Peer 1: 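Below is a structure I'd like to ask you about.
Quick note on labels: first sequence line is chain A, next is B, and so on, each numbered from 1. Computed from a prediction, not measured in an experiment: that's the story for all the values here.
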Amino acid sequence: MRKTKALALAALGTALTMGLAACGGTAGGGNNNTGTGNTGAASTAKHNDGYTKVVNPSDAKGGTLKFAYSDEPDSMDPGNTYYAWNWNFSRLYARPLLTYTAAPGEEGLKLVPDLAEGLGEASEDGKTWTYKLKKGIKYDDGTEVKAADVKYAIARSNFSAELTDGPKYFAEYLDAEGYEGPYKDKNLDNFKGIETPDDYTIVFKLKAPFSEFDFLVANPQSAPVPQAKDTGLEYEKAVASTGPYKMESYEVGKQLNLVKNENWDPATDTTRKQLPDRIEVQFKQNAEDIDQRLLAGQIHADLGGTGVQPAARAKIVADPKLKDSTDNPYTPFNRYAMMSTKVAPFDNIDCRKAVQYATDQVATQAPWGGPLGGDIGSTLMTPTTVGYQQFDLYPNGADNKGDAAKAKESLAACGQPNGFETNIAVRGDRPKEVQVAEALQASLDKVGIKATIKKYPSGDWSAQYAGKPDFVHQNKLGIMIAGWGADWPSGFGFLSQIVDGRFIKDSGNYNMMELNDPAVNDLLDKGIQTTDAAERNKIWGEVDKKVMESAAFLPFVYEKTLLFRPSTLTNVYVHPAYGMYDYTWLGVQQ
Amino acid sequence: MVAFIVRRVIAAVLMLVIVSVATFAIFFLIPRALGQTPEGMASRYVGRDATPEAIQGAVKRLHLDEPLIVQYGRFAKGIVAGQEYSIGPRMVECPAPCFGYSFNNNQPVWPTLMDRLPATLSLAIGAAIIWLVAGVSIGVISALRRGTLTDRLAMTVALAGVSLPIYFTGLVSLALFAYTLGIFPGGGSYTPFTEDPVMWFQALVLPWITLAFLYAALYARLTRAGMLETMGEDYIRTARAKGLKERTVVTKHALRATLTPILTIFGLDVGLLLGGAVLTESTFSIPGIGKLVIDAIRGNDLPVVLGVTLFAAFFIVLANLIVDVLYAVVDPRVRLS
Amino acid sequence: MTTPSASPAPGSFLELRDLRIHFPTEDGLVKSVDGLSFKLERGKTLGIVGESGSGKSVTSLGILGLHKGGRAKISGEIWLDGEELVGASQDHVRTLRGKKMAMIFQDPLSSMHPFYTVGQQIVEAYRIHHKVSKAVARKHAIDMLGRVGIPQPDKRVDSFPHEFSGGMRQRAMIAMALSCDPELLIADEPTTALDVTVQAQILDLMLDLQREFNSALIIITHDLGVVAELSDDILVMYGGKCIEYGAAEDIFYRPEHPYTWGLLGSMPRLDREPTERLLPIKGTPPSLINVPSGCAFNPRCPYRERTGGKATTEVPQLVESDGGHLVRCHMPREERRAIWENEIKPMMEGV
Ligand SMILES: Nc1ncnc2c1ncn2[C@@H]1O[C@H](COP(=O)(O)OP(=O)(O)OP(=O)(O)O)[C@@H](O)[C@H]1O
Ligand code: SF4
Ligand SMILES: [Mg+2]
């Protein structure tokens, strides 16, 4: 019985793939390579095909999928990681309550049930969210996943002093006043933020209504952890697996090997495949050499998902054949500058507009690697954020190289017709950002704005410098170079931390504009209480526009990466929620 | 001899203490003096955009708020007596010598060092053998054929070897021999000897040669200069006047004298490399001490940096000691005192 | 002696005929030895004197064949016991070195290998030419050390050169040189590094040993004092050439060359302060690349005016002035003798 069901599902997967290829393809058009012809598909795929459809589709099983990574993660523990790729990769062995649809394009931004049977059910007041677990989901040791394991997972990842690396959204939103975490307080019943009325029901109790709670439980932190198996910081070496793979061995900073988890039941899983026999990851590999190995076909993917290094990029750009084996997706990051509305003369909106018009956005795009490194931006939200709307309030010339006339006009309106002096703050140990600051400085100089670049260390950037309004005021930091990527691809995830006036903090502040516009704040509140997604997403667009109207936010680029897909890799597509290939789909040609 | 070694060991221990204090100062004291707060430091060991509470938690857990002298005392005590750490649900024992617990890897430093040592040993010793043999032979031949085409060619290659960065030669050799010709495995293929000796050897050939190239070039130049000087010595003339064959004059008389100072340098170079061949290990992605420390420095993983520094200092001190003793054995004019 | 005879196989044990050893250098051709000829019989001692740089060492190394295979351009003939060595193969001359001819060097400390014991170095020298066991060679080494007057030779055989005093080192050098009973022994400034009493002992030792082995001995030195009592014949070198040659008495009692007069005058004596010199030779030794035209000594010679201008234009020949006494000077023999008798000799005796 189960077998036929699995087959049926696999067939559905193929159908889905074909559907994607047909409708999602704007660049590739009607490409018919949806069959099993691996080699043919690989050789005819074009640049960015993986962005709109599945390249090299195949359900052939077997082989070893090899990843390499220039760094190592904070942790392989799904509850203790903040690395973007790891929220993608950890799904191979950890199933959260919800996850994103396995599809390229906009479709991939939609949440689907994973461990849960359906999306969350919100109570009338929006403060209680209930999820039902699918029955019969097992860990790799054959024991069944229980609701308490999900509760325990969130307790440990959000309320302990030891697991410091992951985000703490649940601690922020759940109503769990005074809970000290499972390591200090061994009685899980004292954790009131989550209730488990039975083994398959999980009820989240929130402090305030939060309509995007579903996005939070799509975080790997909601993947279950059996309390008996928790070894705290060392749990990353032996994670209890619920996904199609399980850990065979893990040497921190060296190598991770995954093998098939026989207790994973594909019938319960709509988003993952289980094609390779093994998955091997090498950590701490030389970044340039990773590219060489990728191009030589010795490994299949760069785990980091941040694209190739400049040397390989140059090689790829020069060779159309190589370029056809690449995709150029957006990352979740927007690169921008913020102007402090509390530092003169930027307390005057016209002076801020002058900067908006004066900026040569081609010059500020260059440090990121030109068009391949990012599209010139004009909004806060990036194109892969749910709710993104395209508009440009401050067109700076047809060629984006700055509109000096408009800038002069704004300067006059501001009462500074001959320009003024200001400072640009930048993280001195980030070369690209320093180059951006220099490009901006040059742009402003052309209209008479004399900017001095001030460099600060990134370690204390947020705690002591740009993120500390007192410091910003005292040192007259008019412009600060920054970047932001949302933890979940929605307007709220992107916007709230950086535009909500009530989030302006004495230290660790990300709303460096110090923009405290009641209209913006109200819209955010309204949005997060709006349960209708379409309605809600419209509101995020309005917030974006409102903030841009303040002219305090100066977008540079929507960051993009250049990903290389070796011809030996099958089932490759860029998952928009992660901005990299969907690691749960990949297979290898043998 | 015994008294000498005892005295040197005491001096070495003192030096290690000084090295540890200095390293500690560089990574703790100076940033503090420049205005870095314990929170600023802790913010590196927690997730992105961590809440102040989370940062405070990390400060407490890593004891960053304690006076520096107390922090150092804790570190020193750990080496002598071991330490206990909380990993969450329970405490774990870090037995002496406990170099601390990595802030980033959540692993004790000492086992990590021990884990990385074989790779560094393999790389350093293999390369050392190659460069010693190659460098000295080339140097001798160059010196004996001074001014000829062979000499000039060898010295030009040596100059290239000294001036080309390992990062470059390493990547180029990988591109050529591993990815284009496929003769050797690519980067990141280091396998411990105990697991697969054949793979161990194959994976190390390119790193050995790359690292040895640099040193061989250096040693060829040293040897050549040394040989030229030695061959002009009076005792070489004496050796010839005895009627010795030229080959014996070169090997028994000239080389012996030339090699003595080179052996000193060799000992120190190997000692230094055992503290990590940073560039080679990084280029070829070999999980050795050098790769460990460079990553630790980048990630501000202070316990690891401290651990490796002490470890490397230990090797340098040891190498110095061995070299001094060896020198006395080789050169009878030197007395150990 | 003046003109090299073409006849081969001379009767003498050692004979040099017009030996030239020139070194091509970046600055030009260095004519270190430029037409040297002499003869030496077994059991006899030849003293070669001359200032620093006059070519003494190059000559002796040339005889041993140590310039072969190098940059040096060698011409002329060296006859040793009926064999010509300039044209002989390098390897053949090597087999003669140490056995047939041996050399004692100037600075015994730098001339012995610092890393090997004195015994090892003597053993090595012996075993090159004698296929014996190490033990036998070692006994021989101890024996040799004893014969050159080193106390407790069975102990000192294991000492390193730096553990010896200067005099003992030179004795050890001699023991090494004599270990294979060489028929020709060249001592290149054997006592320069030693203090005066030790100097005398070493010279006595060499003479004793020479008598014992009946070898031919060449003693090379800066100053005539050293060779005075030892030598049968004396050869005075200047700028790579022989300028006066004769029996020891001739050179000491009837020297005829102005340069030799200078040497005698500047001879340090035990009864005088070494700084006190009677007839200091003014100026510096000649360049061996741009040898002064005419008589090489002319820039420094107080008598150059007495040769009617020939001193600067014509190279004087080595001419026999009396039985076997050769002099290279344009001044007529009588005039030279008169100057010596009337001007130089009284002055030297007056002191
Ligand atoms: N290998 C060589 N190449 C070039 N020039 C040389 C070489 N050997 C010797 N000479 C030159 O030949 C000249 C004679 O040197 P030599 O050593 O024979 O002098 P010497 O009479 O022994 O002097 P001293 O009393 O100082 O030992 C010197 O000018 C020296 O520079
Ligand atoms: S030839 Fe003339 S210059 Fe030369 S030594 Fe005789 S007198 Fe003096
Ligand atoms: Mg000499």
Peer 1: Which atoms of B:S282 come close to chain A, meaning under 4.5 Å heavy atom to heavy atom: side chain ones, backbone ones, both, or neither?
Peer 2: backbone

Peer 1: Any idea which of A:E72, A:Q227, A:K168 has the most non-hydrogen atom pairs under 4.5 angstrom with chain B?
Peer 2: A:E72

Peer 1: Is A:D319 atom CG crowded by more than 12 heavy atoms from other residues, nucleotides or ligands, each under 6.0 Å away?
Peer 2: yes

Peer 1: If I measure from the heavy atoms of chain B, does A:S160 come under 4.5 Å with its side chain, its backbone, both, or neither?
Peer 2: neither

Peer 1: So how far is it from B:L174 CG to A:Q298 CD, rounded to the nearest 0.5 Å?
Peer 2: 9.0 Å

Peer 1: When rounded to the nearest 0.5 angstrom, what is the spacing between OG in B:S189 and CZ in A:R293?
Peer 2: 7.0 Å

Peer 1: Could you look at A:E172 and say if it's the side chain, the backbone, both or neither that has a heavy atom under 4.5 Å from chain B?
Peer 2: neither

Peer 1: Does any backbone or side-chain atom of A:Y510 lie under 4.5 Å from a heavy atom of chain B? Answer side chain, backbone, both or neither.
Peer 2: side chain

Peer 1: For the atom pair CG (A:N286) and OG1 (B:T280), what is the distance rounded to the nearest 0.5 Å?
Peer 2: 11.5 Å

Peer 1: Does any heavy atom of chain B fall under 4.5 Å from the side chain of A:Q282, the backbone, both, or neither of them?
Peer 2: side chain

Peer 1: Would the distance check show the side chain of A:Q292 and the main-chain N or O of B:Y179 forming a donor-acceptor pair, the cut-off being under 3.5 Å?
Peer 2: no

Peer 1: So what's closer than 4.5 Å to chain B heavy atoms on A:K505: side chain, backbone, both or neither?
Peer 2: neither

Peer 1: Above 12 or not: heavy atoms from other molecules or residues under 6.0 Å from NZ of A:K315?
Peer 2: no

Peer 1: Of all of B:I55, B:L171, B:D115, which one pairs up most often with chain A through heavy atoms under 4.5 Å apart?
Peer 2: B:L171

Peer 1: Within the structure provided, determine whether B:P287 and A:K284 are in side-chain contact (heavy-atom separation under 4.5 Å).
Peer 2: no

Peer 1: To check you understand the geometry: which heavy-atom pair defines the closest contact between A:Q285 and B:G188, and what is its length?
Peer 2: OE1-CA, 3.1 Å

Peer 1: Less than 4.5 Å to any heavy atom of chain B: does that hold for the side chain of A:K237, its backbone, both, or neither?
Peer 2: side chain

Peer 1: Please look at A:E236 and chain B and tell me whether the side chain, the backbone, both or neither of the residue comes under 4.5 angstrom of a heavy atom of that chain.
Peer 2: side chain

Peer 1: Any heavy-atom pair between the side chains of A:L233 and B:Q107 that's under 4.5 Å?
Peer 2: no

Peer 1: Taking everything shown except A:E177 itself, do over 12 heavy atoms lie less than 6.0 Å from its CD?
Peer 2: no

Peer 1: Would you indicate whether A:K184, at its atom NZ, is surrounded by more than 12 heavy atoms from other residues, nucleotides or ligands within a distance under 6.0 Å?
Peer 2: no

Peer 1: Of all of A:D71, A:L163, A:D487, which one pairs up most often with chain B through heavy atoms under 4.5 Å apart?
Peer 2: A:D487

Peer 1: Determine the minimum heavy-atom distance between A:E234 and B:R90, stating which atoms define it.
Peer 2: OE1-NH2, 4.3 Å

Peer 1: Would you say that more than 12 heavy atoms from the other residues, nucleotides or ligands in this model lie under 6.0 Å from the NZ of B:K77, or not?
Peer 2: no

Peer 1: Heavy-atom distances under 4.5 Å only: say whether B:Y85 touches chain A with side chain, backbone, both or neither.
Peer 2: neither

Peer 1: Starting at CG of A:D289, measure out to OG1 of B:T283 and round the result to the nearest 0.5 Å.
Peer 2: 8.5 Å

Peer 1: Do you know which of B:G57, B:P89, B:G187 has the most heavy-atom pairs with chain A at a distance under 4.5 angstrom?
Peer 2: B:P89

Peer 1: Select one option (side chain, backbone, both, neither) describing which atoms of A:D230 are under 4.5 Å from chain B's heavy atoms.
Peer 2: both

Peer 1: Near B:F201 CZ, under 6.0 Å, is it more than 12 heavy atoms from other residues, nucleotides or ligands?
Peer 2: no

Peer 1: Is chain A contacted by the side chain of B:R116, its backbone, both, or neither, given a heavy-atom distance below 4.5 Å?
Peer 2: side chain

